[in-house]
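Presented below is the structure to which this report refers.
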2 protein chains.
Amino acid sequence: MRADARKNYSHLLEVARGVVAEDGADASMREIARRAGVGLATLLRHFPTREALFEALLRANLEALTQKAAELETSHPPDEALMSWFREVVAFVQSYSGVVALMASAHEDPDSALYATCVAVHSAGARLLLHAQSEGTARSDMDGGDLFALISALGWLAGQPGFATRGDHLSHLITSAILTNPPENNVKKAM
Amino acid sequence: MRADARKNYSHLLEVARGVVAEDGADASMREIARRAGVGLATLLRHFPTREALFEALLRANLEALTQKAAELETSHPPDEALMSWFREVVAFVQSYSGVVALMASAHEDPDSALYATCVAVHSAGARLLLHAQSEGTARSDMDGGDLFALISALGWLAGQPGFATRGDHLSHLITSAILTNPPENNVKKAM
DNA sequence: ACCTGAACACCGTTCAAGT
DNA sequence: ACCTGAACACCGTTCAAGT
């Protein structure tokens, strides 16, 4: 890559991160190019699709999550590992509004630039779930896909203004549905 | 309303229903007008916003759901009423892809054409939940807003190609999290 | 090699002009 | 009253022309 191209590349990524933080995952590509002081066509040659841009934006985060799963697997009991990883992934997908739809569709499209990283995260979660299930601490009638779906749903909820404030509470509710023996499920019988 | 206007109105609604069934809630307004054989401006004078169009499209369904809640309230025990209403609303929001985002934002905007009907559905659900809670059959640490959020999340999931097939299963998982005494929660301890 | 402006086919909004 | 085409400001895609 030529020196000017490399400079454009990293500058575009930096600007894109800011715009996406403001406008979410469906931010205007033109707006990103505009703020970077570069032609739209230049942005699109570096990142031919929105997925390609997000692959570059998110790869580090997603790889960290995959690795985190491996660490938790050895350092904690299966149910704790599953729950603390779950919360971490949810926190991540909630931090970029709209990113969850992008990831969900990338996971279905082997040609997507985001496909590989999404699959890695997905199977890291599936492993954690399997371990907890084999111990009997997670419900046995769900699989990695269900786990990914629930995480995605919580990410989507956080992006809806009316639901954003309930994110943590609903996360708790759903995790308590995944575990067979939730630590405390906050259910108090009325009178 | 003039005769030709009235004819346009009902024809537009009919066409819109078809287009929305195909393309979801973010269907192109232009496309609807085009298929109706009418100018885009004509569509927009009948329905000045997308919300206005959907208010007309969905009012009957949403009012039916509100009424259904009242019926179930008298004909069934609180927990059964809540669950069977929940499933019915979920089935509805899953039938129009993307409609759930529209409803969620309408519920936050008193000026939206969909606001009143959404609020009615919302509070009908809150009533059912309260009854079940006062009986001790639904978890006490959630409110009508949480219920609406969970329904919306399930509606959103059904609109994502990768998750659509899991809709029923995840509905079951979530309802079992709402009830304090799920009829059968499908959790088998693995030795 | 890399960048860029311009043309293209879309979108929803607005409005003056027609009947 | 109601309809309509056209102009407008956006969007992402594509490509010939520049350095």
| Dot-bracket encoding per residue of DNA chain C, Watson-Crick/G-U cut-off under 3.5 Å, | denoting interstrand | ||.|||||...|||||.||
| message | On DNA chain C, compare the nucleotides closest to B/Ala27 and A/Leu40; which residue's is nearer the 5' end? | response | A/Leu40
Describe, in one word, how the ring planes of [X] and [Y] are oriented to each other, choosing from parallel (under 30°), tilted (30 to 60°) and perpendicular (over 60°).
| X | Y | value |
| --- | --- | --- |
| A/Trp156 | A/Phe163 | tilted |
| A/Tyr115 | A/His107 | tilted |
| B/Phe47 | B/Tyr9 | tilted |

| request: Please determine if B/Arg34 and B/Glu31 form a salt bridge, counting it only when a charged side-chain N lies under 4.0 Å from a carboxylate O. | output: yes
Classify the nucleic acid contact of [X] as base, sugar-phosphate or nothing, counting any heavy atom under 4.0 Å across all strands shown.
| X | value |
| --- | --- |
| B/Arg45 | base |
| A/Thr42 | base |
| A/Arg34 | sugar-phosphate |
| B/Ala41 | base |

| task | On DNA chain D, check which nucleotide each of A/Met29 and B/Gly39 is closest to and give me the residue with the more 5' one. | result | B/Gly39
| Quantified in whole Å, what is the P atom distance between nucleotide D/dC8 and nucleotide C/dA7? | 16 Å
| task | Look only at the side chain of A/Thr42 and the backbone of A/Val38, and say whether a donor-acceptor pair between them is shorter than 3.5 Å. | result | no
| Where does the chain B footprint on DNA chain C start and end, counting 5' to 3' with a 4.0 Å heavy-atom cut-off? | C/dC11 to C/dC15
| query | Considering residues, nucleotides and ligands other than B/Asp168, do more than 12 of their heavy atoms fall under 6.0 Å from its CG? | reply | no
| said: Are more than 12 heavy atoms, taken from residues, nucleotides or ligands other than A/Glu80, located less than 6.0 Å from that residue's CD atom? | reply: yes
| query | Shortest non-hydrogen contact from A/Glu51 to A/Ser112? | reply | CG-OG, 3.6 Å
